[in-house]
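Some notes on the structure that comes next.
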Amino acid sequence: MTTTGGSIFDAMLQEFDGAARILNLEPGIWRILTKPKRQIIVHCPVQMDSGEIEVFTGFRVQYNIALGPAKGGIRYHPDVTLDEVTTLAAWMSWKCAVAHIPFGGGKGGIICDPTKMSRREVEALTRRYVAEIIDAIGPEKDVPAPDVNTDAQVMAWVMDTYSMHLGHTSTAVVTGKPLELGGSLGRREATGRRVMLTTREAAKHVGLDLTGARVAIQGFGNVGSVSAELLAALGAKIVAIADWKGGVYNDAGLDIAALLDHAKIHRTVAGFARADPLTNEALFGLDVHILIPAALENQITMANAGSIKATLVVEGANGPTTPEAHRHLHERGVFIVPDILANIGGVTVSYFEWVQDRHGYFWTEREVNERLEQKLCEAFHDVLQTSVKYRVDMRTAAYIVAIGRVAAVTRMRGMYA
Ligand code: GLU
């Protein structure tokens, strides 16, 4: 069943196959779970501020909906491909299963560079994209959310466009919305909070004291910046952060609040005065206890895995480590908390948001954070116990938990034909 090749879908399949083999998954279910249920490609014409008409290509993939409506973000990036969106939709299926929430997996993306577009152009593109995929989404069908380069405002436009077509307001069609429009307290910080909580649990497990522990983080977006803030609050020393434009290093620990102010103005950490400059590559080889890749896919590869000195790697991003690099690090005794366990805070609070929207009754931030922590502990220990039971690494264990849950409901539902 294993396919080899260069695509990230193939890399995901390698991880899937390893776990499916251990589970003795029957070939029929294996075939179902390794194919996307639905892939939609749309072309969206947009009148740009210059008066020119541009046509943007967008995707929405619903990978598996055995557990419930498809769930997953929409990303805006020049390098988006159907292969990437399909893989991310598959990961969402496994993430929702590991998180134990009643959703399947979906993902969307548009090939565009929002950093070079005006807000009006981004709004027009968002509305046209939603209009093109409108029949496929809905609170019971497929519920989008923010992802790379999309935020609460973009989600408000998604909600408004969908509602305009429907003729009434439907808040539960999308999550990660502004608070005033049915968003949930704690949603923006959720993935970073979960990365922090996971790091705390994993550090406990490997016997690492977080107070004074040296941490390097790749990415200073929603996930990286919140993890940095919360880990610093726990006493960890964030010595290095790198983003798309460059990095910064301070041996005594970076002042995260000041760095946030800098990044707000310059949209990058690069150029921050109270630190030395650092390249993205150098970040991976730093003498740190904890490394948190919280940017894009394929960042830890065989080209830099050998230089990694961290004993704990917590994957804030989706798919930051290639399968070969993962094997190499695991053999060297590095404890890796996989993406499908570490970065499920966003989708877990998205689930809480969807529940609150459907009830029309909203929780306090404390309730949200307590429920998030409770779900995290449950998932972390399910995966840890599985890794002990099958004597496998945490990634394989997370896949075993996810595949086991999706396979079980697929068998129960049976075949419709
Ligand atoms: N884009 C986020 C993720 O990859 C959130 C998805 C969601 O909330 O549906 O987990």
Side-chain angles (χ1 to χ4, degrees), residues 8 12 59-65 67-77 80 84-110 137-152 154-156 158-159 171-178 182-195 198 219 221-224 226-227 293-297 314-320 337-357 368 371-372 375-376 379 398 402:
I8 59 163
M12 186 282 295
F59 310 103
R60 185 74 193 170
V61 176
Q62 295 164 356
Y63 190 83
N64 186 288
I65 55 168
L67 282 166
K71 187 80 195 80
I74 303 172
R75 66 174 50 182
Y76 291 176
H77 200 276
V80 164
E84 179 196 30
V85 175
T86 303
T87 312
L88 289 160
W91 276 326
M92 287 309 303
S93 312
W94 317 139
K95 287 206 264 188
C96 293
V98 170
H100 227 171
I101 55 181
F103 286 140
K107 201 78 171 198
I110 303 180
I137 61 171
E140 304 281 354
K141 292 184 185 175
D142 181 356
V143 185
D147 202 82
V148 175
N149 291 330
T150 55
D151 56 15
V154 174
M155 298 308 116
V158 172
M159 191 282 268
T171 53
V173 64
V174 64
T175 59
K177 299 177 297 293
S184 175
L185 287 163
R187 171 63 184 82
R188 193 191 64 79
E189 304 82 5
T191 303
R193 174 170 293 278
R194 181 109 183 191
V195 168
T198 306
N222 203 12
V223 183
V226 175
S227 323
L296 292 170
E297 300 94 61
V314 181
E315 295 183 339
N318 292 310
V337 188
D339 46 5
I340 63 169
L341 175 62
N343 74 22
I344 50 183
V347 75
T348 302
V349 178
S350 274
Y351 165 55
F352 297 162
E353 179 174 334
W354 179 80
V355 169
Q356 291 171 79
D357 285 340
V368 170
R371 286 177 163 128
L372 176 65
K375 280 256 172 226
L376 160 93

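Predicted model only: the values in this text are computed from it and were never measured. Just follow the structure's listing: the first ligand is 1, and inside any ligand the first atom is 1.
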(request) Any atoms of ligand 1 less than 4.0 Å from a non-hydrogen atom of G73? List them with their elements. (result) 1 (N), 6 (C)

(message) With respect to P146, determine whether any N or O atom, backbone or side chain, lies less than 3.5 Å from an N or O atom of ligand 1.
(response) yes

(request) Compare R187, R75, K71, M155 and give the one whose heavy atom is closest to atom 9 (O) of ligand 1. (result) K71

(request) Run down the list A145, A190, C96 and name the one with the heavy atom closest to atom 7 (C) of ligand 1. (result) A145

(message) I'd like to know if the side chain of N222 and the backbone of G192 have a donor-acceptor N/O pair within less than 3.5 Å.
(response) no

(request) Taking only heavy atoms of S350 into account, list the atoms of ligand 1 that are under 4.0 Å away from them. (result) 7 (C), 8 (O), 9 (O)

(request) Have a look at N343 and tell me which of E315, R194, K95 forms a side chain to side chain donor-acceptor pair (under 3.5 Å) with it. (result) K95

(request) May I ask whether E353 has any heavy atom positioned less than 4.0 angstrom from an atom of ligand 1? (result) no

(request) Calculate, to the nearest 0.5 Å, the distance between atoms NZ and CD belonging to K107 and Q62 respectively. (result) 14.0 Å

(request) Give the residue, atom name and distance (to 0.1 Å) of the protein heavy atom nearest atom 1 (N) of ligand 1. (result) D147 OD1, 2.7 Å

(message) Show the nearest heavy-atom pair for residues P144 and I74, with the distance to one decimal.
(response) CB-CD1, 3.6 Å

(request) For G346, take its heavy atoms, then give the atoms of ligand 1 lying under 4.0 Å from any of them. (result) 8 (O)

(message) Is it the case that the side chains of R187 and S350 hold a donor-acceptor pair, with the cut-off being a distance below 3.5 Å and no angle test?
(response) yes

(request) Identify, by atom number and element, the atoms of ligand 1 in contact range of K107, meaning under 4.0 Å from any of its heavy atoms. (result) 1 (N), 3 (C), 4 (O)

(request) Please confirm whether the backbone N or O of H77 pairs with a side-chain atom of N149, one donor and one acceptor, at under 3.5 Å? (result) no

(message) Check for me whether K95 has a heavy atom closer than 4.0 Å to any atom of ligand 1.
(response) yes

(request) From the options K177, E353, Q356, select the one residue that forms a side chain to side chain donor-acceptor pair (under 3.5 Å) with S184. (result) Q356

(request) Could you tell me which non-hydrogen atom of M92 sits nearest to which non-hydrogen atom of G106, and how far apart they are? (result) CG-O, 3.3 Å

(message) Distance under 4.0 Å to a non-hydrogen atom of N318: what atoms of ligand 1 satisfy this?
(response) 4 (O)

